[in-house]
Colleague: 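Have a look at the structure that comes next, please.
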Amino acid sequence: MSEITRETLANVLEEIALLLEIQGENPFKTRAYRQGAEIVSGFDGDIVQRAKDDDLTGIKGLGDALQQKLHELATTGRLGFHEKLRSQYPATFFDLFEIEGLGPKKIAALHKELGVGSIADLKTASEAGNVALLAGFGKKTEQKILAALARREAFADRFLLDAASHAAEMILDRLRSHPEVLRAQYAGSLRRSKETIGDLDFIVATAKPAELTAWFAGLDLAESVIAQGDTKCSIRLDNGLQCDLRAVSSAQFPFALQYFTGSKEHNVALRSRALKHGLSLNEYGFTAGGKSVQHGPIPAVHDERDIYRTLGLEFIPPELRENRGEIEAADEGQLPKLVELENLRGTFHNHTTASDGKATLDEMAEAALDLGLRYLGIADHSKASFQANGLDERRLLEQIEQIRIWNKNRGDELWIFAGSEVDILKDGSLDFPDDLLARLDYTVASVHASFTLDEKTMTKRIIRAMENEHVTMLGHLTGRLLLRREAYAVNHDKIIDCAAATNTIIEINCNPRRLDMDWRWWKKARDKGVLTSINPDAHRPEQFQFLKFGIGIARKGWLRKEDILNTYELDKVKDYLGTPKDRRS
DNA sequence: GCCGTTTTCGGCCCGACTGTTTTCAGTCG
């Protein structure tokens, strides 16, 4: 029996939800399982242990039935109910749910009538023209399935933040310059600063919605038009990214923006709260609702802030809207004052041509100056990263000297901190000796090889590095490359505890391919007193722009200005780095 | 299947768009 993890528990519940849908079960029952999966994934604590101990009472959304099932699953590694459902379908069956345009009803029909149990089956049946013959299906549906299958092969279904953000800003500019647009904003997961983006959502306020949707469908950026109506239009860009436009009145705008920003889970919670206030909330406004509560007059709403205020809540910034405690905190007036891009004073963890960067030290420094930064940390690779032209001891000493000269001449404009991104070797020792590390202003310690160690060994390895007095911060904790490579196994709880105990900073690597450590861990780390640094890992000047994605992740992790080293003023950073590690706070 | 400061039963979010329909089901968000 493989080890039971949080993911196992959540996946089993999610699969049950899908299978129940296929069987036409009561939709509310299906939803209960799906919500159960969400609760398990987002639970703040050791849900697996709680399930093993049959200690799940009191967790909202997990009733008797789910508690019993989770307990069975956690203790025995299997769930009879789940296995019975699954046994009726092939192992490849769940892939079908990823096909655009196919939901439980259509998948059930395809399976029952044509025996379709995999993507390959679906392709064969569609190409043979058998799908179009089914009741409720037609030629167009079959064509759409084939197109979706082709697209699935050609494109990723999710996009990195930089690609999504770039497209969104471009389209937003176009929308805002349209004469019939009063207000425009992007919503969805991009506005929430999720680490990857499925599609883009735009909301416009206009008196002429149909004119806007037609204009949107005709954009030269549109590779194809997925749907076009009087108030809604969906197009696909030529990189495969889907963009949805909703055109609403100015009065509806805040509601639509709130609604389409999501997350779905946040909105469900918000709507249920509205009902308790005697109000029904949807994407167009408040209406009288709720069964037994006497409602007052429908309040005036001009912006999103008014929506939250009406429900007795502080304004909840989009990044926090994941139903992970933000509504409760807003209710108690306990939301953090989140960090802003303007709070940044400098940046650490940047590369130059000395290792694998594409710009020289001077070029990086000039770019940092242009950005208005007060200090810049250089951290080129160490010698073990030979694939990245890592510096040996002699070259590092030369670079330190070069930085000292810069500071002597131009330190009052931009102060450069001499650092190193030193490799954490397989046994947890570092790639440079302590006496050399001691000559640096700071170090970023990172894993760049031996990714396949088991979790216990990897965690021990990283902890050994953190215990070194010269390790200022930990680079990209899990080594994940979003949409490309999974994180290596590492125990976040233990790393966070060690970071707190040893005063080691954990970076937020804001390369859009990384965004590591994951935002879901930051609130816990912050509460334990762990400091972070928002690090662009820039290999060329334009990559300083990654800082804004790091800010998004920090905000998503509930972080405030004071939780982040590079919001400190220069003097304070010098003090911090000049204080022995065990006496930093 | 979950929930409850009127409820232990009867609610649980719902509107837009498409395609296959002859009045609506399915999907998506």
Colleague: List the steps and the verdict of ring pair (Phe, Tyr, Trp, His ring centres under 6.0 Å) for A:Phe93 and A:His111.
Modeller: CA-CA 9 Å; A:Phe93 192 64; A:His111 182 253; 5.2 Å; yes
Colleague: Taking the same atom, C1', in B:dG1 and in B:dT8, what whole-Å distance lies between them?
Modeller: 14 Å
Colleague: Whether A:Tyr284 contacts B:dC14 is assessed here as follows: a side-chain N or O lying under 4.0 Å from the phosphate OP1 or OP2. Is that the case?
Modeller: no
Colleague: Would you kindly give the CZ-to-P distance between A:Phe260 and B:dC13, to the nearest whole Å?
Modeller: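 Distance, rounded to whole Å: 16 Å.
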Colleague: Distance between the P atoms of B:dT27 and B:dT21, in whole angstroms?
Modeller: 14 Å
Colleague: Counting only side-chain nitrogens and oxygens, does A:Thr141 get under 4.0 Å of the OP1 or OP2 atom of B:dT20?
Modeller: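 Yes, within the criterion.
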Colleague: Heavy atoms from C-beta onward define the side chain here; which of B:dG19, B:dG26, B:dC17 lies closest to that of A:Lys144?
Modeller: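 For the A:Lys144 side chain, the nearest candidate turns out to be B:dG19.
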Colleague: Heavy atoms from C-beta onward define the side chain here; which of B:dC13, B:dT27, B:dG1 lies closest to that of A:Lys105?
Modeller: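 The closest nucleotide is B:dT27.
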Colleague: Name the one of A:Lys194, A:Lys524, A:Lys556, A:Arg480 that satisfies salt bridge (charged side-chain N to carboxylate O under 4.0 Å, His left out) with A:Asp518?
Modeller: A:Arg480
Colleague: What is the ring orientation for A:Phe81 with A:Tyr33, classed by angle as parallel under 30°, tilted 30 to 60°, or perpendicular over 60°?
Modeller: parallel
Colleague: Give A:Asn267 one of three labels, base, sugar-phosphate or nothing, depending on what nucleic acid heavy atoms sit under 4.0 Å from its own.
Modeller: nothing
Colleague: Roughly how many Å is it from CZ in A:Arg34 to P in B:dC2, rounded to a whole number?
Modeller: 15 Å
Colleague: Looking at B:dG29, B:dG19, B:dC12, which one has an atom nearest to any side-chain atom of A:Phe28?
Modeller: B:dC12
Colleague: Mind checking the C1' distance from B:dT18 to B:dT23? Whole angstroms is fine.
Modeller: 15 Å
Colleague: Whole angstroms only, please: what is the CG-P distance between A:Leu134 and B:dT20?
Modeller: 12 Å
Colleague: Taking atom C1' of B:dC14 as reference, at what distance in whole Å does atom CZ of A:Arg246 sit?
Modeller: 11 Å
Colleague: Between A:Phe315 and A:Arg305, is there a cation-pi geometry (under 6.0 Å to ring centre, at most 45° from the normal)?
Modeller: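 Yes.
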Colleague: Any chance NZ of A:Lys123 has more than 12 other-residue heavy atoms, nucleotides or ligands included, within less than 6.0 Å?
Modeller: no
Colleague: For the side chain of A:Asp201, starting at C-beta, report the closest nucleotide among B:dG1, B:dG29, B:dT20.
Modeller: B:dG29
Colleague: By the 4.0 Å heavy-atom rule, please label A:Pro104 as base, sugar-phosphate, or nothing.
Modeller: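 It contacts sugar-phosphate atoms only.
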Colleague: Specify the separation, in whole Å, of atom CD of A:Glu100 and atom C1' of B:dC28.
Modeller: 9 Å
Colleague: Is there a side-chain polar atom (N or O) of A:Thr231 under 4.0 Å from OP1 or OP2 of B:dC17?
Modeller: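 Yes, within the criterion.
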Colleague: Using only side-chain N and O atoms of A:Lys139, determine if any of them is under 4.0 Å from OP1 or OP2 of B:dG19.
Modeller: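 For A:Lys139, the contact criterion (side-chain N or O under 4.0 Å from OP1 or OP2 of B:dG19) is not met.
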Colleague: Output the rounded distance in Å from OH (A:Tyr259) to C1' (B:dC28).
Modeller: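 Those two atoms, OH and C1', are 10 Å apart.
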Colleague: Which is true for A:Leu102 with a 4.0 Å heavy-atom rule: it touches a base, it touches only sugar-phosphate, or it touches nothing?
Modeller: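 Sugar-phosphate only.
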Colleague: Counting side-chain heavy atoms from C-beta on, which of B:dG1, B:dG15, B:dC17 comes nearest to A:Asn26?
Modeller: B:dG1
Colleague: Quantified in whole Å, what is the C1' atom distance between nucleotide B:dT7 and nucleotide B:dC12?
Modeller: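 To the nearest whole Å, 14 Å.
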Colleague: Measure the distance from CD1 on A:Ile107 to C1' on B:dT27 and round it to the nearest whole Å.
Modeller: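 Answer to the nearest Å: 11 Å.
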Colleague: From C-beta outward on A:Ala65, which listed nucleotide comes closest to its side chain: B:dC12, B:dG15, B:dC2?
Modeller: B:dC2
Colleague: Relative to the 5' end of DNA chain B, which residue comes earlier, A:Lys29 or A:Gly138, by the nucleotide with the nearest heavy atom?
Modeller: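 The residue whose closest nucleotide sits nearer the 5' end is A:Lys29.
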Colleague: When we call it a touch if two heavy atoms are under 4.0 Å apart, what does A:Gln228 touch: a base, just sugar-phosphate, or nothing?
Modeller: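 Answer is sugar-phosphate: A:Gln228 comes under 4.0 Å of backbone atoms only.
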Colleague: Can you tell me how far P in B:dT20 sits from the matching atom in B:dA25, rounded to whole Å?
Modeller: 16 Å
Colleague: Across all strands shown, which nucleotide pairs with B:dT8 by Watson-Crick or G-U wobble geometry, both distances under 3.5 Å?
Modeller: none
Colleague: If I take atom CG in residue A:Leu13 and atom P in nucleotide B:dG1, what distance separates them, rounded to the nearest angstrom?
Modeller: 12 Å
Colleague: What is the ring orientation for A:Phe549 with A:Phe546, classed by angle as parallel under 30°, tilted 30 to 60°, or perpendicular over 60°?
Modeller: tilted
Colleague: Hey, does the side-chain of A:Asp199 have a donor or acceptor N/O within less than 3.5 Å of a partner on the base of B:dG29?
Modeller: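 Side chain to base: no pair present.
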Colleague: From the options B:dG26, B:dT20, B:dG15, select the nucleotide whose nearest atom is closest to the side chain of A:Glu283.
Modeller: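 Closest nucleotide to the A:Glu283 side chain: B:dG15.
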Colleague: Does A:Glu486 have more than 12 heavy atoms from other residues, nucleotides or ligands lying within 6.0 Å of its CD?
Modeller: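 Open.
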Colleague: Here's a test of your reading of the structure: between A:Asn282 and A:Asp64, which maps to the more 5' nucleotide of DNA chain B?
Modeller: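 This one resolves to A:Asp64.
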Colleague: When you measure from the side chain of A:Lys106, which nucleotide among B:dT27, B:dG1, B:dG29 comes out closest?
Modeller: B:dT27
Colleague: Would you measure the distance from the P atom in B:dC13 across to the matching atom in B:dG4 and give it in whole Å?
Modeller: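 About 14 Å, rounded to a whole number of Å.
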Colleague: For the pair A:Glu322 and A:Arg192, find out whether any cationic side-chain nitrogen is under 4.0 Å from an anionic carboxylate oxygen.
Modeller: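 Looking at A:Arg192 together with A:Glu322, the answer is yes, because their closest N to O distance falls below 4.0 Å.
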